[in-house]
There are 2 protein chains.
Amino acid sequence: MPTACTSCPLRKMDAFQPFSDDELDFMLRFKVGELVVDPGTPILMEGSNAPQLYTVLEGLGLRYKLLPSGERQVLNLIFPGAFLGLQAGVMQQMGHSVEATTKMKLCVFDRKTLWTLFKNHPERAFDLTWLAAMQEHFLGESLLTVGQRDALASVAWMFVLVAQRGESLGLLAGGKMDFPYAQQDLADALGYSLVHLNRTLRRLRELQLVTWADGVVHFHDMAELARLADVPLEPMAPRPLI
Amino acid sequence: MPTACTSCPLRKMDAFQPFSDDELDFMLRFKVGELVVDPGTPILMEGSNAPQLYTVLEGLGLRYKLLPSGERQVLNLIFPGAFLGLQAGVMQQMGHSVEATTKMKLCVFDRKTLWTLFKNHPERAFDLTWLAAMQEHFLGESLLTVGQRDALASVAWMFVLVAQRGESLGLLAGGKMDFPYAQQDLADALGYSLVHLNRTLRRLRELQLVTWADGVVHFHDMAELARLADVPLEPMAPRPLI
DNA sequence: CGAGGGTTTGATGATAGTCAAAGTGAGTGG
DNA sequence: CCACTCACTTTGACTATCATCAAACCCTCG
């Protein structure tokens, strides 16, 4: 049985801005169903014109792009609350692919209703733009990392981000959280080879900063991790949920 | 004397979607003035909450982020038609800085009217979201380049993009166009050192693909350049102008 | 028990960074 | 008109980071 928006578990998280009754009412009509996918399932394809939009309710995934020659760049990790398909929604074409890493549960919206959202619910339209701007912001941070930080700082930066996002979603408990990605995923996100990423993880482990094994990360020293990554250590600002 | 929107030179470019009379009417009221800045002038600062939004009418600039330790990542090159300040407009905070490379002429909008745009002009709000999604798309392409392409392919990719953008704006003529950036700017955009970028430019010159000197690029072989960069060579799709 | 995905390690080589110095040209002031 | 500075480009020599190749070692799963 599908989750009713009224009892959507995401709304409780402090990662998201509160919902008014009116907004809730609209979401109920915007939503057309729910989708559950297995690990490894492709959800959206680069270049395609997807007829549906999704909000992630549960599970983890990733956005990526492929070079014709086969190299993969992971754009970012997808956590609950992410909104998928906006690019196809406005530009008729996805600029990247999305796939599930774990089993995922997705809230499904019909793309055709996107226009009525702009027409009749300017607050929600504003939130959509907010989400797009936020996505742009994160990609900028990634670009900064991939372009300017060395391997140790890059991996440290990634873990700081993961800890912050995990914290805001209640996934982090007792300094550790589930993190069921493959090393190849992080390597592709940061622009390093698998081997080099693996060696960098070992260095971070030897420095007693983070340990990542068997799908679980342990954060041993966030302050030092943030110092290494050269980022301020602050909680994430609440964002709109759609 | 300020440019009237009705005779805005950008509207003629095939880079942009056509304007209806109604849209034009709104733009006239949205616009509050014009700004002309000298080369090197900072226009928006990372972390600031800018009260104004801009559309670039003339001139070139760049978006960039700085690491506390001083490294600079150039996010992209700013060409005429770019819309600046949207992040501060919706998120109350810029995620990057913007500065002028050449003398620039900017169309100025008041951020406070952004909300009335969402409220009363859903088509324009939709266009804004389009622009944000497009910006996200380009950042994804950059990330792919910086993360996965080697120096030769990266620089080739950059020049292909510059040629495409220049073409759509009518800046490209006879296989050449003005390109008044410094080598350091491209190095910071692609994540390479100045020295390495310089050597890569020499290789491209020796391969008879592009020559860039004295602020002018000559494209000698676009097809081969695109092949090196591993990208399809196609004209840019028209986008909304705000 | 064998196959296959993911991780770990070593050895070697290529790509890119750093340091240093010299060349160019525009702009400035004596 | 001629130093002089300053920003930008170019090149050489040396070093470090990172990629590649290869092999072994987990696992889990059929």
Side-chain angles (χ1 to χ4, degrees), chain A residues 38-40 60 62 67 69-74 99-102 145-158 178-206 210-218 228, chain B residues 38-41 60 62 67 69-74 99-103 145-158 178-206 210-218 228:
Chain A
D38 285 327
L60 303 176
L62 35 83
L67 231 33
S69 53
E71 285 85 5
R72 180 179 73 152
Q73 176 67 39
V74 167
E99 90 176 32
T101 298
T102 65
T145 296
V146 175
Q148 308 299 333
R149 288 189 239 252
D150 63 17
L152 198 65
S154 289
V155 178
W157 170 82
M158 176 62 81
D178 285 344
F179 195 66
Y181 292 94
Q183 292 187 10
Q184 186 71 60
D185 295 331
L186 278 215
D188 288 348
L190 298 173
Y192 294 107
S193 68
L194 171 61
V195 172
H196 196 60
L197 180 96
N198 181 284
R199 293 187 159 117
T200 307
L201 287 175
R202 175 158 61 137
R203 283 207 281 158
L204 285 173
R205 205 182 315 128
E206 286 165 356
V210 261
T211 308
W212 174 30
D214 305 318
V216 178
V217 232
H218 286 250
L228 241 188
Chain B
D38 284 328
T41 308
L60 303 176
L62 35 82
L67 231 32
S69 52
E71 285 84 5
R72 181 179 72 152
Q73 176 67 39
V74 168
E99 92 177 29
T101 298
T102 65
K103 181 180 168 192
T145 296
V146 174
Q148 308 299 333
R149 288 189 239 253
D150 64 17
L152 198 64
S154 290
V155 179
W157 170 82
M158 176 62 82
D178 285 345
F179 195 65
Y181 292 94
Q183 291 187 11
Q184 186 71 60
D185 295 331
L186 278 216
D188 288 347
L190 297 172
Y192 293 108
S193 67
L194 171 61
V195 172
H196 196 60
L197 180 97
N198 181 286
R199 294 186 159 118
T200 307
L201 287 174
R202 175 158 62 136
R203 282 208 282 158
L204 284 173
R205 204 184 314 129
E206 286 166 356
V210 259
T211 308
W212 174 29
D214 305 317
V216 178
V217 232
H218 286 250
L228 240 188

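Protein chains get the first letters and strands the later ones, always in sequence-line order, with residue 1 at the start of each.
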A.B. asks: With F179(A) as reference, evaluate V210(A), L186(A), D214(A) under the side chain to side chain contact (heavy atoms under 4.5 Å, CB included) test and give the passing residue.
C.D. replies: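 Exactly one pass, corresponding to L186(A).
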A.B. asks: Can you measure D188(A) atom CG to dG6(C) atom P for me and round it to whole angstrom units?
C.D. replies: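 The distance from CG of D188(A) to P of dG6(C) comes to 12 Å, rounded to the nearest Å.
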A.B. asks: Would you say a side-chain N or O of Q184(A) is under 4.0 Å from OP1 or OP2 of dG5(C)?
C.D. replies: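 False: Q184(A) side-chain N/O out of range (4.0 Å or more) of dG5(C) OP1/OP2.
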A.B. asks: Whole Å only: how far is the NE2 atom of H196(A) from the C1' atom of dA11(C)?
C.D. replies: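 Result: 16 Å.
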A.B. asks: Tell me: CG of L194(B) to C1' of dT18(C), nearest whole Å?
C.D. replies: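 Nearest whole value for this atom pair: 12 Å.
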A.B. asks: Check each of E71(A), R72(A), Q73(A) against Q148(B) using the side chain to side chain donor-acceptor pair (under 3.5 Å) test, and report the only one that passes.
C.D. replies: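 By the side chain to side chain donor-acceptor pair (under 3.5 Å) criterion, Q148(B) pairs with just one of E71(A), R72(A), Q73(A): Q73(A).
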A.B. asks: Remember a base hit wins even if backbone is also touched, and classify G191(A) as base, sugar-phosphate or nothing at under 4.0 Å, heavy atoms.
C.D. replies: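 Sugar-phosphate contact only.
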A.B. asks: Between dT7(C) and N198(A), is there an OP1 or OP2 to side-chain N/O distance shorter than 4.0 Å?
C.D. replies: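 For N198(A), the contact criterion (side-chain N or O under 4.0 Å from OP1 or OP2 of dT7(C)) is not met.
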A.B. asks: Can you measure Q183(B) atom CD to dA16(C) atom C1' for me and round it to whole angstrom units?
C.D. replies: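 Going from Q183(B) (CD) to dA16(C) (C1'), I get 16 Å.
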A.B. asks: Per the side chain to side chain contact (heavy atoms under 4.5 Å, CB included) rule, which among V195(B), L194(B), L190(B) passes with Y192(B)?
C.D. replies: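 Going through the options one by one, the only one that passes is L190(B).
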A.B. asks: L186(B) has an atom CG; how far is it from atom P of dA16(C), in whole Å?
C.D. replies: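 Taking atom P of dA16(C) as the reference, CG of L186(B) is at 15 Å.
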A.B. asks: Taking only side-chain N and O atoms of R202(A), does any of them lie within less than 4.0 angstrom of OP1 or OP2 on dT8(C)?
C.D. replies: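 Looking at the OP1 and OP2 atoms of dT8(C), neither is under 4.0 Å from any side-chain N or O of R202(A).
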A.B. asks: Would you say L62(A) and Y181(A) make side-chain contact, with heavy atoms under 4.5 Å?
C.D. replies: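 Touching, per the 4.5 Å side-chain cut-off.
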A.B. asks: Nearest of dT8(C), dC19(C), dA16(C) to any side-chain atom of A151(B)?
C.D. replies: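 Shortest atom-to-atom distance from the side chain points to dA16(C).
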A.B. asks: Provide, to the nearest angstrom, the distance between the CZ atom belonging to R199(A) and the C1' atom belonging to dA11(C).
C.D. replies: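 Value for this atom pair: 9 Å.
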A.B. asks: Has the side chain of T102(B) got a donor or acceptor atom that lies under 3.5 Å from a matching backbone atom of L60(B)?
C.D. replies: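 The answer is yes, because a donor-acceptor pair under 3.5 Å joins these two groups.
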A.B. asks: If we only count heavy atoms from C-beta on, is the L228(B) to L204(B) side-chain gap below 4.5 Å?
C.D. replies: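 Heavy-atom side-chain distance check passes, below 4.5 Å.
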A.B. asks: For the CE atom of M158(A) and the CG atom of D185(A), what is their distance to the nearest 0.5 Å?
C.D. replies: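 Atom-to-atom, M158(A):CE and D185(A):CG are 9.5 Å apart.
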A.B. asks: Anything under 4.0 Å to a heavy atom of chain B counts; send over the first and last such nucleotide of DNA chain D, read 5' to 3'.
C.D. replies: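 Extent of the interface on DNA chain D: dT9(D) to dA13(D).
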